[in-house]
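Below is one structure; the comments refer to it alone.
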Number of protein chains: 2
Amino acid sequence: MTHWPATIHPLDTAIALESADSGLMRGRTVAEYNNMVGPFGGATAAALLRSIEMRPDRFGEPIALTVNFVAPIGYGEFQIAPTLVHTNRTNQHWTAALSQGQNVKATATAVFGVRRSDVWSAGEVLQPRVAPPEELSRTPGPEGVAFLQNYDMRFIAGPFPGNDQPKLDSTSTLWVRHEPRRQLDFPALAALADVFYPRVFARRGHPVPAGTISITTYFHADGNELADTGSDFVLATAQGQRFAAGYFDHTANLWSRSGKLLAASNQVVYYKDSFIDLSGQR
Amino acid sequence: MTHWPATIHPLDTAIALESADSGLMRGRTVAEYNNMVGPFGGATAAALLRSIEMRPDRFGEPIALTVNFVAPIGYGEFQIAPTLVHTNRTNQHWTAALSQGQNVKATATAVFGVRRSDVWSAGEVLQPRVAPPEELSRTPGPEGVAFLQNYDMRFIAGPFPGNDQPKLDSTSTLWVRHEPRRQLDFPALAALADVFYPRVFARRGHPVPAGTISITTYFHADGNELADTGSDFVLATAQGQRFAAGYFDHTANLWSRSGKLLAASNQVVYYKDSFIDLSGQR
């Protein structure tokens with residue numbers, strides 16, 4: 001087992017992978033990225049993306065990542081098997097499976113591609129006009145959710161509900177950055193895309209059992225744009241679209257402070273309808 | 001080779017699969033669902049979903065489907081290998097690969113699940129208020145695109161561009177149903193989710209080379225809701241979010257006439273920036 005010096009950011013520990021036999025990569029969950037039950041799904045997505053980034057035969061940058069959460073991931077070691085499906089002239093298709101022992105816990109598909117700076121480009125959906133993060137105060141995450149302590153979240157709308165009135169609009173809009181601060185890169189962006197609490201909490205006015213089943217993130221930023229973003233705040237917004245018989249989806253966007261859509265992300269989430277207490281009194 | 005009687009809907013021919021050795025399913029593309037180059041991606045998505053639906057060990061209904069278009073699919077026979085990854089108490093995770101000969105042409109992940117009608121449910125994003133389809137006339141698809149002839153499309157906004165001014169808003173909103181008419185089911189809905197022409201056409205004012213790389217569809221409707229929709233029109237809307245260096249995403253929703261969000265769908269598309277002529281004069 002590798003011991004990391006204390007100066008390593010916990011996200012880097014969470015996505016640290018060692019090559020093992022037959023193309024497998026080994027990693028382990030870290031306590032800083034624990035969720036209520038199991039590790040934060042965003043950290044899992046980041047590790048899956050990282051496993052492909054590390055492959056010597058990978059080319060291009062992430063364009064799309066879909067992660068399906070197949071079964072609960074236990075705390076501790078995991079293995080990732082990335083597989084190159086096909087290389088085209090300007091993009092590559094990958095699959096990956098994350099396992100613990102003999103059990104697959106998550107599957108992923110990813111597209112990497114070469115971006116062509118000489119092609120016509122334009123934004124379309126505009127960043128919401130909101131107050132800058134310096135004018136807002138940090139909202140502490142609920143005590144029972146470790147990974148949220150690693151994000152400095154400043155809500156413009158839709159903060160984490162305690163026991164509030166149900167709302168008809170589940171939208172959350174917030175500035176968010178790593179705490180401690182960390183340079184934004186593709187794994188960090190993949191994790192950030194899953195930072196939203198389940199939209200059903202807002203609609204019901206309180207936490208209920210819920211978990212992401214599948215998340216898809218499209219990366220619009222290239223590496224230079226992420227480098228320009230540095231460790232600054234990202235504006236993140238998410239809204240549920242329909243809550244139907246135990247499954248809802250949400251649509252989310254992540255913007256740089258300069259107004260660029262860094263990534264668009266969507267997910268489908270299962271939910272139940274019984275109150276759960278996240279106040280920290282177990 | 002199987003010959004189908006003329007009364008079979010071409011979509012049913014496009015998703016007809018025969019079991020072959022070692023769990024493989026065999027199908028073939030049909031001319032009615034040809035796109036400009038290769039088969040309509042929506043028909044491919046429908047066949048992949050159908051391959052899982054046909055599995056005797058499948059339970060529940062489709063919740064999520066992601067299809068990655070790995071390499072160009074040729075006209076003719078293909079094989080699909082669906083794989084059950086894991087069964088939970090209320091859902092199942094699947095992967096599938098579509099091949100021609102030894103070459104994988106598409107990969108997919110899918111979640112099937114049991115819906116629980118006793119759980120709190122609600123819509124959130126509202127259907128756009130538009131004129132009913134009876135007050136609109138059918139827009140013929142461009143001649144070079146066979147599969148669009150199988151859809152009766154009535155545009156409220158954003159019809160297929162010929163050689164127009166570039167637009168700042170790429171949104172298309174249309175009523176659409178099969179022509180000839182066909183009952184809506186999950187494979188048909190998966191296909192319908194890919195019925196939109198590439199959003200970059202609207203932004204540039206003319207067709208350019210473009211193709212879907214990855215599409216993800218979340219199914220909110222259950223089988224009963226689809227049965228209620230029958231063969232009626234569905235309201236479909238899609239908008240591009242950012243066009244960056246050769247890749248754009250769009251976000252789309254599909255609604256029943258009664259205002260239910262049947263499915264939410266997102267895709268990422270590669271594009272180039274050279275004019276192509278779809279007027280039918282080859």
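Letters A, B, ... are given to chains in the order of the sequence lines, protein chains preceding strands, and every chain is numbered from 1.
Per-residue heavy-atom pair counts under 4.5 Å with chain B were compared for Val111(A), Ile63(A), Leu126(A), and the maximum is reached by Ile63(A). In terms of heavy-atom pairs under 4.5 Å with chain A, the best-connected choice from Ala264(B), Gly240(B), Ala221(B) is Gly240(B). When Arg115(B), Lys272(B), Arg116(B) are compared by the number of non-hydrogen pairs under 4.5 Å with chain A, Arg116(B) comes out ahead. Counting heavy-atom pairs closer than 4.5 Å to chain A, the top-ranked of the candidates His86(B), Gln267(B), Arg203(B), Glu225(B) is Arg203(B). For chain A, the option among Val70(B), Val200(B), Val119(B) with the highest count of heavy-atom pairs below 4.5 Å is Val70(B).
Outside the 6.0 Å centre-distance limit, the rings of His206(B) and Phe201(B) are not counted as a close aromatic pair.
One N or O on the side chain of Gln127(A) and one on the backbone of Gly259(A) form a donor-acceptor pair closer than 3.5 Å. No donor-acceptor pair closer than 3.5 Å links the side chain of Asn91(A) to the backbone N or O of Gly113(A). Remark: side-chain polar atoms of Asp185(A) are paired, donor with acceptor, to backbone N or O of Ala188(A) under 3.5 angstrom. In this structure, Tyr197(A) contributes its side chain and Pro159(A) its backbone to a donor-acceptor pair below 3.5 Å. With hydrogens and angles ignored, the 3.5 Å screen pairs no side-chain donor or acceptor of Ser170(A) with any backbone N or O of Leu168(A).
Looking at Val114(B), only its backbone comes within 4.5 Å of chain A, counting heavy atoms on both sides. Residue contact with chain A, scored on non-hydrogen atoms closer than 4.5 Å, involves the backbone and the side chain of Asp169(B) alike. Looking at Phe69(B), the atoms closer than 4.5 Å to chain A (heavy atoms on both sides) all sit in the backbone: N, CA, C or O. Looking at Ala108(B), there are no atoms closer than 4.5 Å to chain A (heavy atoms on both sides), in backbone or side chain. If you measure heavy-atom distances from Ala122(B) to chain A, the contacts under 4.5 Å come from both the backbone and the side chain. For a residue to count as touching a neighbouring chain, one of its non-hydrogen atoms must lie under 4.5 Å from one of that chain's; by this rule Thr66(B) touches chain A with the side chain only. In this structure, chain A has no heavy atom under 4.5 Å from any part of Arg199(B). Heavy atoms of Tyr247(B) lying under 4.5 Å from chain A belong to its backbone as well as its side chain.
If you check the side chains of Thr216(A) and Asn266(A), you find no donor sitting under 3.5 Å from an acceptor.
Gln239(B) is listed as a side-chain neighbour of Glu124(A), based on a closest heavy-atom distance under 4.5 Å.
Checked for salt-bridge contact, Arg55(A) and Asp57(A) meet the test: a charged N lies under 4.0 Å from a carboxylate O.
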